[in-house]
Each structure stands twice: as C-alpha cells, then as structure tokens.
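First the proteins, then the strands, lettered A, B, ... as listed; each starts at 1.
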Amino acid sequence: MFRVNIQSEPFDIHDEHWRLSSLGPDVGAVVSFTGQVRDEALELEHYPAMALRQMEAVLAEARARWPLKGATLIHRFGRLEVGAPIVLVLTASSHRQAAFEAAAFLMDWLKTRAPFWKKGADGWVEAKAGDDAAAARWGT
Amino acid sequence: MFRVNIQSEPFDIHDEHWRLSSLGPDVGAVVSFTGQVRDEALELEHYPAMALRQMEAVLAEARARWPLKGATLIHRFGRLEVGAPIVLVLTASSHRQAAFEAAAFLMDWLKTRAPFWKKGADGWVEAKAGDDAAAARWGT
Amino acid sequence: MTVSLLYFAWVRERIGIGAEELVLDGPTTVGALVERLADLSDGHRAALADRGRLRAAVNQNFVGWDAAVAPGDEVAIFPPVTGGLA
Amino acid sequence: MTVSLLYFAWVRERIGIGAEELVLDGPTTVGALVERLADLSDGHRAALADRGRLRAAVNQNFVGWDAAVAPGDEVAIFPPVTGGLA
C-alpha cells in the first residue's frame, strides 16, 4: 500500500502504522518518522498540485531504490501549534535496513522538493543549506 | 524520558509514541522502528538480567552519541505469532538526523548484543553475518 | 496565448496577489519572464529583485532560469521550500 | 567457591538443564571451564563440542574464551544472539 496525502487535519499515527504493519506475513520492519512543530506556532503554505506531484515522484523514487511492501507520506498545511505533527513518513519492508534507509531518504527529499513554506512569529522561515546537503547524499 | 523494557505482552505503539512526542516544545522529530514476526510463529528465549543490562548499555551509548530528548527500547519474549510486534525502538530529538541515526544504531546494536534467541518450526534461527557488519559500521 | 503565474510565501505577500495571467508574444524563458514581471509594479519589483533568493517551477517541476516557457504553461515563483520540519 | 552456569537456546536443550553450579579449585578461564563442563555428560559434550558456534558471558558481559572466571561469577554459554528481528 503506497499512499500520499496532503491535509490540514491531524493524522492518526496508530491507524497509519497499523495499515502498513498488517500488510502481510512478509512485513518484518516498519519505520515511522514524525516531524512536529518546535518552539513556536507556524502557518504552513503550500502549492497543492505541485506538492502532490513532487511527493508522488519522491515516493516512486524510493520504491525504485528499496524493496518496500508499503509506504505512506502525509504532509499537513495551515495553522499548526507547538507540538502538532506536520509530516509523517512510514515505510514497511521485509528487512530493517530498507525500511530505515527509505524513510530517511523520503524525509531528506521532501525537505528540499515539496513546495511548503513555513511562517512563524518572526516571518518566513529561511531554507537551510544543510537540507540540500542531506538530500545530496542520496545522489540524483 | 529514557526507558528500557522486556515483556511478554504486546506494546502499544501509539502510547509509546505519544510519550516521546509530548516531551516538550523542543522535540521536532520522532522516529520509530517496529520489528514484527515474519513468515512463521516464533518462540523467543532470553537471558533476562543480561538482556536488560545490554539494552541499558546500548541506550547509554546512543545518548552519548546523539542529542536525544527521549528514547524507548522494548523487546518481547515468549511465543509470538506471525505479524506480532517483537521489538520497538523510539527516538525523539530536535532534528531528524539525530532521531534517524540513533534509531538505526539502537537496532543494529540490539541485534548483535541483546541475548535473545528465536526458535521457529525448523529449530533455532542462526545468526546472520550481515548483522555483525551492520553493527560494525557504527564503530566500537 | 497566456501563461498562468503563481506566487507563494513572501513572494506572494510582496506582490500582493497569489495568481495572475500574462499575455505572451511567443516562447520565452523563465528568467526573461521574471524581468518583465518585475516592471509590473513596485511590489513585483520588491518581490523579484533578488533572483538568488527565488526558485521557479514550470508545470509543477523545478526549473532553472533558462528554462523555456510556452503559452499555456503554469509558472510558479517562490522562495526555497521549507517544508517537512526538523 | 562455586560458579553459576547458565545455558540458553539449543545449548540448554542439548545439556538438558538451564542452570547448574560447579565447584572451582581457583581462578580459571572460560575456555578451560567449558572443557571441564564438556566431560560432565554426553549432553554437555554435544552442546559444547564446537566452540565456533558458541558465545560466552561472564557476569552478563560478553567475553572471549581466555576471559578470567573467579568463584562467585555467573558464566553463561549460548549460541550467537538472534533477537530484534528483521
């Protein structure tokens, strides 16, 4: 099961995790990454059609690189309070290494390719050079 | 919050995840790894005192290497059916890279250091050389 | 013979609108298009002055400033993305 | 002046018990101890014959065959661990 979603509502990590862990007897490893709002409330703006397209492209790339049984990408937009979950990446595979690597890859690529912009109390958050470096380690 | 547990009962990933994601406003990333029984039911035997000691040592090593806000290690023992969760590793940090790396490190080290043995329908499962290699990439 | 323009984040705020259309004489590049847009208003100029702080997409794919733009295309101008968190 | 011995997985099954005690004359090594244990029964011999398939811990820490064993120690003999899964 491979799924991408962009939504303003919170996601339920338990439901999402269960969808992947129950995919079948050959799933041995499920990895989740949850990103949540740190330090101050944010407003997340996005470019809907492009965000969906880029998230689908990143997921297709992960499937080409690792033997995944399933993966889920969810990104939220709108106003988000401190502690609110923003992004969820879930991967399921037979073995732990594929699940770990694919999840880290998906997050690194999402950070640099998914058209979302964060605004805090002090204005728009600037992109970090470290994110491009993190994405670059996977090659292109 | 840093916690190690060895138990026969299932764990609740939602509760465990929430404990780490709600630790405070400086938590930005939570990574979970769940290992579950693949292909056939298993009986897991362990050496209780040493397992706890080794899991605590592995957790201390991860805390020394990465700036973690919290981490949870749970390993089950006893009879486990196909699809049952066996091991849970959760890490919380301000940034995603620390959370990802610490979770992968904890799993690689658990695999080679925690005294658990699996028995399936065909007898005792043999250790894999690949696990030692995975653990070795973190140095010692 | 028009292109759709989309602006996001502080680019949208400085220009004052999130979308507009522009009539094209013929094929052009993203860079040439941005130069034309900068002349439309003070807000456009303020938003588009420093190209080093901007990124562009044509039809929802990231492109460089020398990328071709044809009538009917959807061109988006925005700051580097900052999604995902952590 | 005894050491506690613990066996796990197929080592336990072949020996037929999970724990026993052995009287020591004085300090020894894990390797010498395993040689003594192998003479206790056919089960011990079958379990302990191939040291390449065994691992040892003294007082709950992994050790090599030349590690010292003193009276009062807890010595465990078992196959390489296979926990964690996946």
So, the part of Val82(B) with a heavy atom under 4.5 Å from chain A: the answer is side chain

Counting heavy-atom pairs under 4.5 angstrom with chain B, the leader among Ser32(A), Gly24(A), Ser22(A) is Ser32(A)

Per-residue tally against chain A (heavy atom, under 4.5 Å) across Leu90(B), Val89(B), Val27(B) peaks at Val27(B)

Among Val31(B), Thr34(B), Thr91(B), the residue with the most heavy-atom pairs under 4.5 Å to chain A is Thr34(B)

Okay, Ala103(B) and chain A: the region with an atom under 4.5 Å from a heavy atom over there is both

Looking only at heavy atoms, the pair that brings Arg38(B) and Asp26(A) closest together is CD-O, 3.2 Å

Okay, Ala92(A) and chain B: the region with an atom under 4.5 Å from a heavy atom over there is neither

Verdict with reasoning, Asp108(B) to Arg96(A), per side-chain contact (heavy atoms from CB on, under 4.5 Å) = CA-CA 9 Å; Asp108(B) 284 346; Arg96(A) 71 184 187 283; 2.9 Å; yes

Heaviest contributor of heavy-atom pairs below 4.5 Å to chain A, chosen from Ile13(B), Asp15(B), Asp12(B), is Ile13(B)

Are more than 12 heavy atoms, taken from residues, nucleotides or ligands other than Arg79(B), located less than 6.0 Å from that residue's CZ atom? yes

Is the ring pair Phe33(A)/Phe100(B) parallel, tilted or perpendicular, if the boundaries are 30 and 60 degrees?
parallel

